[in-house]
Amino acid sequence: MRLVAEHVTVVFGHGSRAHLALDDVSLAVAPGRTLGLVGESGSGKSTLARAVVGLVRPRSGRILLDGADLGGLRRSELTRARRRVQLISQDPYASLNPRMTVGQAVAEAIDPRRADVRAHAAEVRRWLETVALDGAAMDRYPHEFSGGQRQRIAIARALAVEPDVIVADEITSALDCSVQAEVLNLLAGLRARLRLTMLFISHDLAVVRHVSDEVAVMRSGRIVEHGPCARVYGEPAHPYTRSLIDSVPSFPLQEAS
Ligand code: ADP
Ligand code: MG
């Protein structure tokens, strides 16, 4: 599926308190490709993620899924469209119900009308194995896992919906460095194997580069630079991109291998 944002503007608040969180943002992610979105905290990355999955309504502009305008959909169509774009966020608890076993969570993703672990056991097991978790994880609860494992469960749940697009918003930001690398490597592998179409968001340039084909740089609600990773990281055109790169001293050491 092709994901397009066209001149998207999002404003929070009213009157003198109005805040322009997204200012005329346009981008496109081609099927099977990953666009990395990088920018400092508060630049509007999560707002864009939420607009893309239909949780935030743009004041103007459009989100298009394979050419269909998300804003023009009726309620029933929106529910279906939302399944096609899955958001994974920094806090896996946001997508994992603490009272559901991991098996139930994945079964619900497979069939929301009937979260039946037994009926879907083989498939649940397959999705857990896809994210390198043992099938025995099925009977346990999210809190029984480490942060990295829990984020892998959230990935399994998102994949089990069999969406066309994954929006990953800071999904490794709360994890320790080595665990972060583990999750990133897993995602990089899945991206190739499952031909995922992904909007991958992080404040960390090195992390974005590790999994993205192209990168867009966001600042104060605007995209200031956009291009293939090699070009943007090698020869940043915008002074802001250059300053982001320069402000990460260990950056060259963290380049994707
Ligand atoms: P990022 O994810 O890049 O850190 P956000 O998209 O979360 O940035 O936030 C962009 C701006 O919009 C910030 O100034 C933030 O305070 C503001 N903002 C985000 N969500 C809301 C909201 N629900 N209500 C009001 N302001 C918000
Ligand atoms: Mg954010």
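Both ligands and their constituent atoms are indexed starting at 1 by order of listing.
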Tell me whether atom 15 (C) of ligand 1 lies less than 4.0 Å from at least one protein heavy-atom position.
no
Any protein heavy atom lying closer than 4.0 Å to atom 8 (O) of ligand 1?
yes
Any Lys/Arg nitrogen of [X] or [Y] sitting under 4.0 Å from an Asp/Glu carboxylate oxygen of the other?
X	Y	answer
Asp111	Arg113	yes
Glu225	Arg231	yes
Arg157	Glu108	yes
Asp213	Arg191	yes

[X] neighbourhood, listing ligand 1 atoms whose heavy-atom distance to it stays under 4.0 Å:
X	result
Ser46	1 (P), 2 (O), 6 (O), 7 (O)
Glu40	3 (O)
Thr47	5 (P), 6 (O), 9 (O), 10 (C), 19 (C)
Ala21	12 (O)
Ser41	4 (O)

What protein heavy atom sits nearest atom 4 (O) of ligand 1, and how far away is it?
Gly42 N, 2.6 Å
Distance to 0.1 Å, residue and atom name: give those for the protein heavy atom nearest to atom 19 (C) of ligand 1.
Phe12 CE1, 3.5 Å
Pair Leu37, Met218 - check side chain to side chain contact (heavy atoms under 4.5 Å, CB included), show working.
CA-CA 7 Å; Leu37 182 68; Met218 189 163 231; 4.2 Å; yes
Taking a cutoff of less than 4.0 Å between a non-hydrogen atom of the residue and any ligand atom, is Arg50 in contact with ligand 1?
no
Answer yes or no for Gly39: is there a heavy-atom contact with ligand 1 below 4.0 Å?
no
Under the side-chain contact (heavy atoms from CB on, under 4.5 Å) test against [X], which residue among [options] passes?
X	options	result
Met198	Val165, Leu187, Leu190	Leu187
Leu87	Ile171, Val53, Val52	Val53
Arg150	Asp91, Ile155, Leu96	Leu96

Side chain or backbone of His19 under 4.0 Å from ligand 1, or both, or neither, by non-hydrogen atoms?
side chain
The Mg ion (ligand 2) to nearest N/O/S of Thr47 less than 2.8 Å:
no
Asp24 backbone acceptor or donor facing Thr9 side chain under 3.5 Å
yes
